Amino acid sequence: ASSQLTRIRDMAVRLTYFKGRGLGETVRWMLAATNTSFEAVHLSEHAEFVALRDGGKLAFGQLPLLEIDGLLLTQRIAMIQYLARRG
């Protein structure tokens, strides 16, 4: 179980949001504060958002989206709390 948890924590972390600051900014701050390396994916076309939403990745049809430890988180407060607990 321990080696599986290690593999999950080693997975890439990806934050998806529109180009700009907005609701994704506090999540980026928390990622930086916890020294979590991440890939920033900036959507520039509405069609990119629609593809994510229609593909089932956005639980509530909204961004930001944080992919971390095998989870797809779409509520920024939940993201911040998860990152704080994760450390």
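What you are looking at is a predicted structure, and each value in this text was computed from that prediction instead of being measured. These numbers come from the heavy atoms of this one structure, side chains and all, not from hydrogens, waters or symmetry mates.
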Polar side-chain atom of Glu48 near backbone of Glu45 as donor-acceptor pair, under 3.5 Å | yes

What's the spacing between Leu43 CG and Lys19 NZ if we round to 0.5 Å?
-> 10.5 Å

Do Phe38 and Leu72 belong together in a cluster built from hydrophobic side chains that touch within less than 4.5 Å?
-> no

Can you name the side-chain contact (heavy atoms from CB on, under 4.5 Å) partners of Arg53, sequence neighbours left out?
-> Phe49, Val50, Leu58

Nearest-0.5 Å distance, CG of residue Leu31 to CZ of residue Arg86 = 8.5 Å

Indicate the atoms forming the closest heavy-atom contact of Met79 with Pro64, along with that distance.
-> CE-O, 3.0 Å

Measure the spacing between CD1 of Ile80 and CZ of Arg85 and express it to the nearest 0.5 Å.
-> 12.0 Å

Hydrophobic cluster membership, Leu66 vs Trp29, 4.5 Å side-chain cutoff | no

Those residues that, when tested against Arg21, pass side-chain contact (heavy atoms from CB on, under 4.5 Å) (two or more places apart) | Glu25, Arg28

Going hydrophobic residue to hydrophobic residue with side-chain gaps under 4.5 angstrom, can you get from Ile68 over to Ile77?
-> no

Would you tabulate the side-chain donor-acceptor contacts of residues 11-18 under 3.5 Å, counting partners in other chains and residues two or more places apart, or write 'none'?
residue : atom : partner : partner atom : Å
Arg14   : NE   : Glu39   : OE1          : 3.1
Arg14   : NH1  : Glu67   : OE1          : 3.4
Tyr17   : OH   : Leu23   : N            : 3.1

Rounded to the nearest 0.5 Å, what separation is found between the CG atom of Leu63 and the OG1 atom of Thr74?
-> 8.5 Å

